[in-house]
Amino acid sequence: MDGYSAHAILVEKISDAIQEVIKDHKVEYGSIVERAPPDKGDLTINAIRIARSDEAAIKLAEKIANVLTTRVDLIGKVYIENNYVNIKVDPYKYGVIVWNIVSNQKENYGFNPHPQPKNIIVEHTSANPVHPLHIGHLRNCVIGDALARILKARGHKVNTHFYVDDVGLQMAYAAYGFEKAAMLQKDIKPDHYVGLLYAATNAVVNVYLLRKEREKANPEERARIDKELSEWLWVSKELMEKDEEIFTVIANAAMHEDPYARICDINRAYEAGEEWAVALVRRVANLCIDGFKKTLERLGISFDSWDWESEVTTWNGLVTEVLRGLRQSGLVIEKQGALIFEADKLAESHEIRQKLGLPRNYGISRLTLVRSDGTTLYPTRDIAYTLYKFQTGADKVINVVGAQQALEQIQVRLALYALGKAKEAENTIHFAYEMVTLPGVKMSGRRGRYVSADELLDEAVKRAGEELVKRGLELAENRDVAEKVGLGAVKFALLSISPSRPLMFSWDKVLDFDKNSGPFVQYAYVRARSVLRKAGSLKPLVTEGAFGEDERKIVFLVGYFPEVVAKSADELKVELIPQYLNELALAFNKYYDEVPILKAETLEKVQARLALTLMVAVTLENGMKLIGIEPPHRM
RNA sequence: GGGCCCGUGGCCUAGCAUGGAAAGGCGUCGGCCUCCGGAGCCGGAGUGCGAGAAAAACGCACGGAUAACCCGGGUUCAAAUCCCGGCGGGCCCGCCA
């Protein structure tokens, strides 16, 4: 059997058959054949949407129903309800097609190539190498990874990139801390170590700067400064409690010099590529990245490319080129030695707004490109980086970046326009996701306040292990199972909520083991595999009349999978996959409960049901892999 | 001050681009293992008082319970969905990233 999607074949047949009947009506929307709600069959056609009036809809529905019953052999039953034509597939005739495609595709089932595949770069995670990955990054990471996998399953050529933000003040802060405290030799995971250095330096320097500012401040300003100061003193206290030694060493060092001046010097020298600064900064950054890689490896997430900001934007002169181009655009002004890009002016153009999909009144502000001391700012380098991505051959660039950065992402695209890179601007997509918030506290890397990804994963695996023990499995022999289940729970939870929705973190939400969860899907999969194992030498086989009404829903759902992949990829909706998997798992669990598989009355029935079970197992497995969840063999 | 995102049963989450039957889960109550793995499956929707042997029905009281689209307008045959105006929560408007 050719083809990747039985569902597509089915829908095409239905559409062809009803062409004649609906040709007098103007159909303004994409698909007239939709999925039906539960208990209304498999597919549905809304006659009123086509006919536009009640009486016409009734007649039209009848005509459609007639045509479908007589002309589409894959359909088993058609009935009209409230102006809807509800359709049930013929479980056997349609099931054979689904079975053939699944049998051919096997571990690739779900692969559903786009007619025009593209070269796509997915940039995600891209955490600053100054602290460990925390829950927010984890949301980014898990979404980005799944997105890349899904786009590949849609036939696109995908490259994942991690942008290492090694240029900028934040890096210099961490480097300063490292310079002062390197001799301490802490025995902790390197990124956590760097995180402590970074937070301690931030606290020390902020207190230093605020005190200095306070001396020359007038009374009103003092009130504000005192407030900030007391907050940073509180942060300092927290950090002292975490690691007194680190904090003290950095605080002492800062008493004998101007720490901020030193930090700015590190920043300037690093950007200029001076050897001493490069050695210092790279040591810290690499320490942190070693830590990232450990976490990522555990998550089963890897990158095709690690792009060092310093290399791909600064030292190679690309950012200088960008600045030259922007100056020529006439949209750059100079103010006290700093360069400012008038993004707001460019955004006045209706045409550009439209092309970039900006809402009419979206407020755009100016963007400082270069500081008075000649160093560049993050968005400036980001413009260069975006160009760099296209230079490597990408048709499309997807940036998985927090929604807080929406304005910056738009400014970058406006800058591309100013540079005459309209195509690049239009093919740069900000895939925004909302923050993960902790109840009560505000997460902040600078303040050392975060729940790290490592802690979260440890806790998840620990809880999964406890569940295993409850079910009589020895933990010692099942560490890998606990790992898969724990991580599966976390990933599923992070993926099933739309990225546009803010996520209030809670252990219960992220570590769910009930329905609508990673473990639930894994469990259904394990059951299916277990049945197949028990079948021994009995092979799955589909013979005449193999599937009946009992199998209909599952046959339909399995056939629908490649459609979900296509939709998920084309609309960049990762959450469709976990939703689908939950639905299939639910349907299979029900089937498992109600219908005997190995004890079916005839050999043919047993083999047919094994075939169904195999299809479910393959689909669940492939679906889980699409979102980076590992299917366990037992649990 | 301007802008962006979010607001769906007690709680969490789909649905909104393309208007047309509001879908899952959690919780709660009650069932289902001589069966292939129970991390499962199926079903239900309140409480108190009165009279009464008891149940149903009934009456009274409280409640969101044939339980939900933040509120108010508008467009439409039709609005959770589109438009306008509010409200609530988050975020952004930096010579931070």
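Letters A, B, ... are given to chains in the order of the sequence lines, protein chains preceding strands, and every chain is numbered from 1. These figures come from a predicted structure and were not determined experimentally. Worth knowing before you read on, the calculation uses all heavy atoms, side chains too, and leaves out hydrogens, waters and symmetry mates.
Look at A:Arg609 and A:Glu551 and you find a salt bridge, because one of the NZ, NE, NH1 or NH2 atoms lies within 4.0 Å of a carboxylate O, short of that distance. A salt bridge links A:Arg471 and A:Glu467; the closest N-O separation between the charged side-chain nitrogens and carboxylate oxygens is under 4.0 Å.
With a cut-off of 3.5 Å on both pairing distances, the Watson-Crick or G-U wobble partner of B:C41 is B:G31. Checking B:G85 for Watson-Crick or G-U wobble geometry (two distances, each under 3.5 Å) identifies B:C71 as its partner. Base pairing analysis places B:C91 opposite B:G3; the two distances defining the Watson-Crick or G-U wobble pair are each below 3.5 Å. Base pairing of B:C58 is made with B:G50, judged by Watson-Crick or G-U wobble geometry with both donor-acceptor distances under 3.5 Å. Here B:G20 sits opposite B:C77 as a Watson-Crick or G-U wobble pair (both hydrogen-bonding atom distances under 3.5 Å).
Remark: the separation of the C1' atoms in B:C32 and B:G89 is 44 Å, to the nearest Å. To the nearest whole angstrom, the two P atoms, one in B:C4 and one in B:C69, are 27 Å apart. The separation of B:G24 from B:U18, taken at their C1' atoms, amounts to 23 Å, rounded to a whole angstrom.
Between A:Arg366 and B:C95 there is no side-chain polar atom (N or O) within less than 4.0 angstrom of OP1 or OP2. Residue A:Ser498 has a polar side-chain atom (N or O) positioned under 4.0 Å from OP1 or OP2 of B:A14. Close to B:A21, at under 4.0 Å from its OP1 or OP2, lies a side-chain N or O of A:Tyr84. For the pair A:Arg371 and B:A97, the criterion of a side-chain N or O lying under 4.0 Å from OP1 or OP2 is met. The side chain of A:Thr368 places an N or O atom within less than 4.0 Å of a non-bridging phosphate oxygen (OP1 or OP2) of B:C95.
Nearer the 5' end of RNA chain B, as judged by each residue's closest nucleotide, is the contact made by A:Ala51, out of A:Ala51 and A:Leu407. Residue order along RNA chain B, read from the 5' end via each residue's closest nucleotide, puts A:Asn82 first among A:Asn82 and A:Val167.
For A:Arg501, taking side-chain heavy atoms from C-beta onward, the closest of the listed nucleotides B:A97, B:U13, B:A21 is B:U13. Here the side chain of A:Asn128 is nearest to one of B:A14, B:A97, B:G20, namely B:A97.
Using a 4.0 Å heavy-atom criterion, one finds that A:Ser372 contacts the bases of the nucleic acid, with or without backbone contacts as well. Counting any heavy atom pair closer than 4.0 Å across all strands shown, A:Lys335 reaches a base atom. Contacts of A:Asn86 with the nucleic acid, taken as non-hydrogen atoms under 4.0 Å apart, include base atoms. A:Gln336 comes within 4.0 angstrom of a nucleotide base, judged by non-hydrogen atoms across all strands. Within the nucleic acid shown, A:Ala403 has no heavy atom closer than 4.0 Å to any nucleic acid atom. The residue A:Asp382 sits apart from the nucleic acid: no heavy atom pair falls under 4.0 Å. As judged by a 4.0 angstrom heavy-atom cut-off over every strand, A:Glu583 is placed among residues making no nucleic acid contact.
Ring pair A:Phe556/A:Tyr560 is parallel by interplanar angle, where below 30° counts as parallel and above 60° as perpendicular. By the 30° and 60° cut-offs, the orientation of the rings of A:His131 relative to A:Tyr198 is perpendicular. Using bins of under 30°, 30° to 60° and over 60° for the plane-to-plane angle, the ring pair A:Phe162/A:Phe292 lands in the tilted bin.
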Open item on the list: Pair A:Val469, A:Asn478 - check side chain to side chain contact (heavy atoms under 4.5 Å, CB included), show working.
Closed with: CA-CA 9 Å; A:Val469 171; A:Asn478 291 290; over 6 Å; no

Task: Protein proximity profile, nucleotides 36-43 of chain B - base contact B, sugar-phosphate-only contact S, no contact -, cut-off 4.0 Å on heavy atoms - done: BBSBBSS-

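Checked by distance alone, A:Glu571 brings a side-chain donor or acceptor within 3.5 Å of a matching partner on the base of B:A17.
In this entry the base of B:A17 is syn relative to its sugar, with a glycosidic angle within 90° of 0.
Between A:Leu572 atom CG and B:A17 atom C1' the separation is 13 Å, expressed in whole Å.
In this structure, a donor-acceptor pair under 3.5 Å is present between the side chains of A:Asn140 and A:Tyr433. The closest side-chain donor-acceptor pair between A:Asp166 and A:Tyr270 falls under 3.5 angstrom.
Applying the side chain to side chain donor-acceptor pair (under 3.5 Å) test between A:Tyr163 and each of A:Arg381, A:Glu309, A:Glu123 identifies A:Glu309 as the sole match.
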Dump the pairs, protein N or O against N or O of nucleotides 1-3 of chain B, anything under 3.5 Å, distances to one decimal.
unit_1: B:G3; atom_1: O2'; unit_2: A:Gly363; atom_2: N; d: 3.4

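Atom CG of A:Leu369 sits about 9.5 Å away from atom OG1 of A:Thr376, to the nearest 0.5 Å.
Within the structure, salt bridge (charged side-chain N to carboxylate O under 4.0 Å, His left out) pairs that include any residue of residues 579-588 of chain A comprise A:Arg35-A:Glu583 (at least two apart or interchain).
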